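Here's the structure, in structure tokens; my notes come after.
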Amino acid sequence: MAFNPALLSSIFIVLSVFSAVTNALSLNYYDKSCPNVEQIVSNAVKKGKANDRTVPAALLRMHFHDCFIRGCDASVLLNSTSGNKAEKDGPPNISLHAFYVIDNAKKQVEASCPGVVSCADILAFAARDAVVQSGGPNWAVPKGRKDGRTSKASESVQLPGPTFNISQLQLSFFQRGLSLNDLVALSGGHTLGFAHCSSFQNRIYNFNATRDVDPTLRPSFAASLRNTCPIKNRPRNAGATMDSSSTIFDNTYFQLILQGKSLFSSDQALVSIPQTKGLVTKFASSNQAFSDAFVKSMIKMSNLNGGQEIRKDCRVVN
Ligand code: HEM
Ligand SMILES: *[C@@H]1O[C@H](CO)[C@@H](O)[C@H](O)[C@H]1NC(C)=O
Ligand SMILES: *[C@@H]1O[C@H](CO)[C@@H](O)[C@H](O)[C@H]1NC(C)=O
Ligand SMILES: *[C@@H]1O[C@H](CO)[C@@H](O)[C@H](O)[C@H]1NC(C)=O
Ligand SMILES: *[C@@H]1O[C@H](CO)[C@@H](O)[C@H](O)[C@H]1NC(C)=O
């Protein structure tokens, strides 16, 4: 067989992710050692959201980024140091924010049960709370993750990008043990939050050699995006909300895909093959079906683990 570096490296990623799943998680992990931990985290998220309504979206995305690089080990929370540029300072970090909410939660958890709860678990709880507090489904989060000691900016390129097509998305999820069903359900996270123009620019200018605008975009929607994102004198933070109810966790995102009003090529890609298109259609017509699938896939994604310690400060290794 010919030497294929791309194949070898994807096999390596699969092996390293799976071999990292060493700690079996459980629902009662902190029952004795920190019984109030989930209440403390939920209050910290509530307080964060009251100050800034973009906090839930930020926390949900932060957990996704964490899990997709080295497993859910709080690698996304680590600060850069003099010798190392951390994951959060790598390229696709454009909307990562609200790290202080996790810091506040950790501080309060440490005051109540020092040295017991990992930052990775706190982030997993916070992502669930973000969904619940936005009107989405609730679920019991398996716990017992450990925090990792490595975070590299160079690894953030392993995240899927907004210009990915369906085969690239499928591979990215497959490498982490996640299926096409998980891809569609978890993409529903795009019911919350905001995207900068740079994330969907490819669809509204110079789409390809013959088309300026992606023809799968509804023309009126494309026109409004171009208006929001002018080429010249574009405001630095210009962009669009992910869906028309961007602080409410619901199935609107899937309805908008079917109307040609999704933001990213990677969102539109979900209707490019029958299997995923069928799920988009199902979730668009049933919020319950979406919620059930989202919960299942979130638990699967957030079970990827990789760490070895309980960090004292979520931004620095012990
Ligand atoms: C399927 C592959 C995915 C791609 C290519 C992708 C890409 C992106 C991009 C480019 C942004 C906008 C960044 C910006 O311009 O500011 C974004 C935002 C967001 N993503 Fe994803 N994402 C994916 C999957 C997910 C998953 C699995 C979740 C969670 C379950 C998620 C949750 C979010 C949220 C909540 C935001 C809004 C963040 C905010 O407003 O602060 N994404 N995503
Ligand atoms: C981590 O970085 C943030 C932002 O640059 C800074 O405010 C904070 O003090 C740093 N924390 C630690 C523990 O280094
Ligand atoms: C994102 O990464 C860039 C460099 O790639 C860095 O300058 C910037 O501070 C990072 N932003 C955040 C919010 O971490
Ligand atoms: C997706 O993109 C990759 C890389 O550009 C390309 O090789 C592949 O053929 C594309 N697949 C589809 C289904 O368009
Ligand atoms: C541009 O995109 C359209 C729509 O996807 C496609 O039909 C056309 O073949 C593409 N043109 C080129 C030159 O790739």
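Here, residue 1 is the first one in the sequence, and each next residue gets the next number. Computed from a prediction, not measured in an experiment: that's the story for all the values here. Every number for a ligand or one of its atoms is a count from 1 in the order of the listing.
Checking atom 2 (O) of ligand 5 against the protein gives a heavy-atom contact under 4.0 Å. Protein heavy atoms come within 4.0 Å of atom 14 (O) of ligand 5.
The nearest heavy-atom contact from the protein to atom 5 (O) of ligand 4 is Gln168 NE2, 4.1 Å. Given atom 4 (C) of ligand 5, the protein heavy atom at minimum distance is Pro215 CG, 3.4 Å. Among all protein heavy atoms, the one lying closest to atom 6 (C) of ligand 5 is Asn208 ND2, 4.2 Å.
Each of the atoms 10 (C), 12 (C), 13 (C), 14 (C), 15 (O) of ligand 1 lies under 4.0 Å from some heavy atom of Ser199. Which parts of ligand 1 touch Phe173 is read off a 4.0 Å heavy-atom cut-off, strictly below it: atoms 1 (C). Within ligand 1, counting atoms from 1 as listed, the ones closer than 4.0 Å to a heavy atom of Ser187 are 1 (C). Within the listing of ligand 4, atoms 1 (C), 2 (O), 3 (C), 8 (C), 10 (C), 11 (N), 12 (C), 14 (O) sit less than 4.0 angstrom from a heavy atom of Asn165. For ligand 5, the atoms lying closer than 4.0 Å to a non-hydrogen atom of Phe207 are 2 (O). Set against the non-hydrogen atoms of Met242, the atoms of ligand 1 under 4.0 Å away are 17 (C), 18 (C), 19 (C), 36 (C). Of all atoms in ligand 4, numbered sequentially from 1 with element shown, those under 4.0 Å from a heavy atom of Ser167 are 1 (C), 10 (C), 11 (N), 12 (C), 13 (C). Ligand 1 places these atoms under 4.0 Å from at least one heavy atom of Gly189: 35 (C).
Closest heavy-atom approach to atom 5 (C) of ligand 1 among the candidates Gly161, Ala240, Ala127: Gly161. Between the choices His97, His65, Arg61, His63, the shortest heavy-atom distance to atom 41 (O) of ligand 1 belongs to His97. For atom 2 (C) of ligand 1, the candidate residues are Gly193, Pro160, Pro162; the nearest heavy-atom contact is made by Pro160.
Of the possible polar contacts, one joining the Asp66 side chain to the Ala74 backbone as a donor-acceptor pair under 3.5 Å is found. One N or O on the side chain of Asp267 and one on the backbone of Phe264 form a donor-acceptor pair closer than 3.5 Å. When atom types are taken as modelled, the side chain of Ser156 and the backbone of Ala153 share a donor-acceptor pair closer than 3.5 angstrom. Under the 3.5 Å distance criterion, the side-chain polar atoms of Ser286 are left unmatched by any main-chain donor or acceptor of Lys282.
Salt bridge status for Asp182 with Lys300: present, with a side-chain N to carboxylate O gap under 4.0 Å. For the pair Glu87 and Arg70, the salt-bridge criterion is not met [side-chain N within less than 4.0 Å of a carboxylate O]. Glu309 has a carboxylate O that lies under 4.0 Å from a charged side-chain N of Arg149, or vice versa, which qualifies the two as a salt bridge. With salt bridges taken as basic N to acidic carboxylate O contacts below 4.0 Å, one links Asp103 and Arg315. Between Arg226 and Asp212 a salt bridge is recorded (basic side-chain N to carboxylate O distance below 4.0 Å).
Two rings, from Phe173 and Phe68, have their centers less than 6.0 Å apart.
At least one N/O-N/O distance between His196 and ligand 1 falls below 3.5 Å. Of the polar atoms of Met301, none of the N or O atoms is found under 3.5 Å from an N or O of ligand 1, judged by distance alone. Polar contact check, Ser266 against ligand 1: no nitrogen or oxygen pair lies under 3.5 Å apart.
Using a 4.0 Å heavy-atom cutoff, Leu183 is listed among the residues neighbouring ligand 1. Residue contact check for ligand 1: Leu192 places a non-hydrogen atom closer than 4.0 Å to it. Not a single heavy atom of Phe200 sits closer than 4.0 Å to an atom of ligand 1.
Of the heavy atoms in Phe164, none comes closer than 4.0 Å to ligand 1. Within the 4.0 Å heavy-atom criterion, neither part of Leu96 lies near ligand 1.
Ring geometry, Phe283 versus Phe254: the interplanar angle exceeds 60°, so the pair is classed perpendicular (tilted spans 30 to 60°).
Between the side chains of Arg234 and Thr228, no donor N or O sits under 3.5 Å from an acceptor N or O.
Taking the centre and axis of the six-membered ring of Tyr30, the NZ or CZ atom of Lys143 falls outside the cone set by 45° and 6.0 Å.
Put simply, the side chain of Cys34 does not reach to within 4.5 Å of the side chain of Tyr29, judged on heavy atoms.
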